[in-house]
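Some notes on the structure that comes next.
Worth knowing before you read on, the calculation uses all heavy atoms, side chains too, and leaves out hydrogens, waters and symmetry mates.
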Amino acid sequence: MVNRLQTFFSSHRHEVVLFSAAFLLRAAAFLILSYIAISYSVLSANPEIRVYPVIGSDAGGYVGAARVLLEEHRFASPGETESQSYLMPGYPLLLAVIFFLGGGVKSVVVLQTLLAGLSAVLVYRIGKEIAPAVGSMAAWVFVFDPISIFYATTILTETVFVFLVLGGVYVFFWRFSSAWWNMALVGILIGLSVYIRPNAIVFPLIFFIALCVFRERAWTWKQTLLRGVVLGGVAFLIVFPWMLRNKLIFDTWDLTAVSTIQWYWYNAPLYYAYTHDITHTEALDIFHERLRAINPHQSNDGTLRNAPYMRQVAFEYLREDPFGYVWFHVVKSIPFFVSDGLRDIARRLEVVGDQPDIGGLLLRGDLHSVISFFREHTLAAVLLVAGAAFWGFVTLGMVAAIFLGGALSLASRRALYVSIGLIAVTILIAAGPNANARYRLSVSPFLFIAASYSFWVVLTKFRKSRTLYTHGSGVLET
């Protein structure tokens with residue numbers, strides 16, 4: 001037994017170190033943040049209702065839904081008679097199982113820190129498909145990413161979602177050349193990830209494209225398409241019961257009301273507020289008035305029952321000025337790429353106070369207020385600049401990787417462009433006026449992989465040129 005362990009550690013030393021570092025960092029962060037939360041009464045929007053690691057309304061909603069599952073055996077929010085159709089059931093169900101087994105929110109965090117450790121290993125293995133140095137670089141960035149560390153210690157979905165998606169991507173590469181039925185496991189993992197966060201529903205499309213574009217030369221098109229159908233079909237079969245449930249209860253095949261809520265509560269009213277120079281709250285009041293005029297349910301709750309009317313209100317307004325909104329959407333998507341996320345953590349810790357919407361100020365050309373922000377919020381400004389510089393660097397590396405990947409082998413190109421493809425479809429879904437660092441977190445490992453490849457190319461060329469220069473100098477001296 002001891003010899004087997006020694007053999008395992010010697011052959012997987014890098015993976016063991018990565019797992020240990022990721023796990024221990026997050027465990028230490030949880031202990032430190034728990035002490036700070038208790039000692040200074042921070043990290044909680046309402047200490048009487050929820051305390052760290054249950055922060056914010058999202059975390060409270062997951063815990064509340066899990067409690068209702070346990071106590072009432074139905075999926076709904078506490079005190080609500082109507083079934084829940086905003087949250088996906090995967091994460092609340094996971095919480096309910098842990099609570100049923102006698103664990104609490106601390107047990108959830110322990111599980112998430114373990115999954116984060118395994119995710120670091122998966123990042124390394126996926127990046128290694130391109131080059132060992134790429135895998136190592138990306139994995140270590142993931143290990144020390146402060147946003148990943150923070151959210152792994154809170155009751156939020158990101159850590160579990162990232163693990164399932166990374167697992168699906170790794171199996172896709174690992175079993176790519178094997179029998180067609182191996183793609184079923186990829187479909188299972190991606191299907192399960194949809195139950196955590198619904199944006200994964202489009203991920204099978206990226207795998208299908210990769211199967212066709214980067215297929216093994218020995219495969220016939222029939223063999224290629226069979227693998228794609230198995231992967232997508234299994235993922236659909238995993239998700240279909242939830243779609244059927246929504247059809248029976250709400251008469252719609254939609255997975256969740258999340259997308260509609262995004263447009264009705266944020267995208268459209270934020271643009272209205274921008275064009276009419278009013279606050280988001282004032283714009284929402286106007287949208288609620290319009291909703292009440294057409295909604296027979298006379299409700300603005302975020303449910304699938306109200307979703308068709310919410311979509312009507314949002315898109316009727318946006319169709320009035322589609323090109324203006326597109327520009328607004330693009331500009332307000334910039335935080336997806338460069339938002340630091342550090343200021344949000346600092347705000348929750350009450351190290352910094354509330355800050356203005358920098359993107360909104362820039363859109364309005366209010367440079368005076370932007371300058372005032374940098375003068376009056378020194379620490380927040382430093383965090384913004386540091387975080388934006390880092391993520392701008394990562395984004396630049398990802399974009400460069402799109403053009404540099406052509407020089408790679410077939411298997412390496414497959415790993416790189418699947419990573420970029422997952423980033424691209426997530427941008428299409430998650431970017432927009434409400435984009436922030438948390439939305440990016442679900443694909444940040446793939447950003448690290450793509451960016452690491454570009455930096456590895458640059459470092460390799462620099463080393464080669466330096467070697468040639470040194471060698472040439474040596475020749476001249478001789």
Side-chain angles (χ1 to χ4, degrees), residues 56-58 61 77 82 84-88 157 194 196-203 205 242-243 246-247 249-337 339 357 359-360 363 424-443:
S57 59
D58 284 355
S77 296
E82 186 169 66
Q84 173 66 248
S85 60
Y86 178 76
L87 301 178
M88 291 299 289
T157 59
V194 174
I196 305 297
R197 293 180 70 87
N199 59 296
I201 192 68
V202 297
F203 288 180
L205 174 64
W242 191 250
M243 297 172 65
N246 288 342
K247 179 64 178 175
I249 296 176
F250 301 104
D251 194 29
T252 177
W253 292 104
D254 290 351
L255 280 169
T256 169
V258 165
S259 176
T260 298
I261 298 303
Q262 188 73 17
W263 285 100
Y264 173 80
W265 281 84
Y266 298 103
N267 295 10
L270 283 169
Y271 183 57
Y272 190 98
Y274 163 67
T275 54
H276 292 77
D277 196 24
I278 60 176
T279 66
H280 180 213
T281 301
E282 291 170 332
L284 269 178
D285 289 339
I286 294 170
F287 274 63
H288 291 338
E289 286 286 341
R290 296 180 179 182
L291 180 66
R292 278 192 289 270
I294 63 170
N295 185 3
H297 306 297
Q298 292 297 295
S299 166
N300 57 18
D301 293 337
T303 72
L304 284 173
R305 200 174 304 282
N306 296 323
Y309 309 102
M310 289 178 167
R311 281 195 293 267
Q312 182 178 335
V313 170
F315 291 121
E316 275 185 357
Y317 168 64
L318 293 178
R319 278 195 290 268
E320 295 176 7
D321 183 19
F323 296 108
Y325 175 74
V326 167
W327 171 247
F328 176 79
H329 188 97
V330 169
V331 173
K332 294 289 282 183
S333 294
I334 293 174
F336 182 92
F337 303 98
S339 178
D357 175 14
L363 266 172
V425 294
T426 300
I427 291 170
L428 290 175
I429 295 170
N434 200 38
N436 56 58
R438 186 182 165 197
Y439 289 7
R440 182 186 61 225
L441 182 58
S442 63
V443 289

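- Expressed to the nearest 0.5 Å, how far OH of Tyr317 lies from CZ of Arg290 amounts to 8.0 Å.
- Take His288 and apply the ring pair (Phe, Tyr, Trp, His ring centres under 6.0 Å) test, not counting sequence neighbours, and it matches Tyr264, Trp265.
- The shortest non-hydrogen separation linking Arg292 to Gln298 is O-NE2, 2.6 Å.
- Here Asn295 contributes atom CG and Gln312 contributes atom CD; the two are 9.5 Å apart, rounded to the nearest 0.5 Å.
- When every heavy atom of Ala435 is checked against every heavy atom of Ala431, the shortest pair comes out as CB-CA, 4.1 Å.
- The aromatic rings of Trp263 and His329 sit parallel to each other, their planes meeting at less than 30°, with 60° as the upper class boundary.
- Residues satisfying the side-chain contact (heavy atoms from CB on, under 4.5 Å) test with Thr252, not counting sequence neighbours, are Phe250, Asp254, Leu304.
- The line from CG of Leu284 to CD of Glu289 is 12.0 Å long, rounded to the nearest 0.5 Å.
- Taking every heavy atom of both residues into account, Phe336 and Ala430 meet most closely at CE1-CB, 4.1 Å.
- In this pair, Tyr274 and Tyr271 present their aromatic rings tilted. The plane angle is within the 30 to 60° band.
- Counted by atom type alone, Thr303 and Asp301 present zero donor-acceptor pairs between their side chains at under 3.5 Å.
- Here the side chain of Arg440 pairs a donor or acceptor atom with the backbone of Ser339 at under 3.5 angstrom.
- Inter-residue side-chain proximity for Tyr309 and Val313 is flagged as unmet; no heavy-atom pair is nearer than 4.5 Å.
- Scanning all heavy atoms of the two residues, the minimum distance from Pro433 to Lys332 falls at CA-CB, 3.4 Å.
- Atom CH2 of Trp327 has 12 or fewer neighbouring heavy atoms from other residues, nucleotides or ligands inside a 6.0 Å radius.
- Atoms OG1 and OH, from Thr426 and Tyr439 in turn, are 13.0 Å apart once rounded to the nearest 0.5 Å.
- Across Thr260 and Ala307, no two heavy atoms sit closer than the pair CG2-O, 3.4 Å.
- Under the salt bridge (charged side-chain N to carboxylate O under 4.0 Å, His left out) criterion, no residue pair touches residues 312-330, with sequence neighbours excluded.
- One distance of note links CG of Leu291 with CE of Met310; it measures 5.5 Å at 0.5 Å rounding.
- Each of Val194, Val425, Leu428 was scored for a side chain to side chain contact (heavy atoms under 4.5 Å, CB included) with Val202, with one residue passing: Val425.
- Side-chain N or O atoms of Ser85 include none that pairs as donor or acceptor with a backbone N or O of Thr256 at under 3.5 Å.
- A perpendicular orientation is assigned to the rings of Tyr272 and Phe287, their planes being inclined by more than 60° (bins at 30° and 60°).
- By the 4.5 Å heavy-atom criterion applied to side chains, Ile427 and Phe337 are counted as neighbours.
- Interatomic distance, Leu441 CG to Arg197 CZ, rounded to the nearest 0.5 Å: 8.0 Å.
- For the pair Leu255 and Met243, the minimum side-chain heavy-atom distance is below 4.5 Å.
- The two residues Asn267 and Asn434 make their nearest non-hydrogen contact at OD1-N, 4.4 Å.
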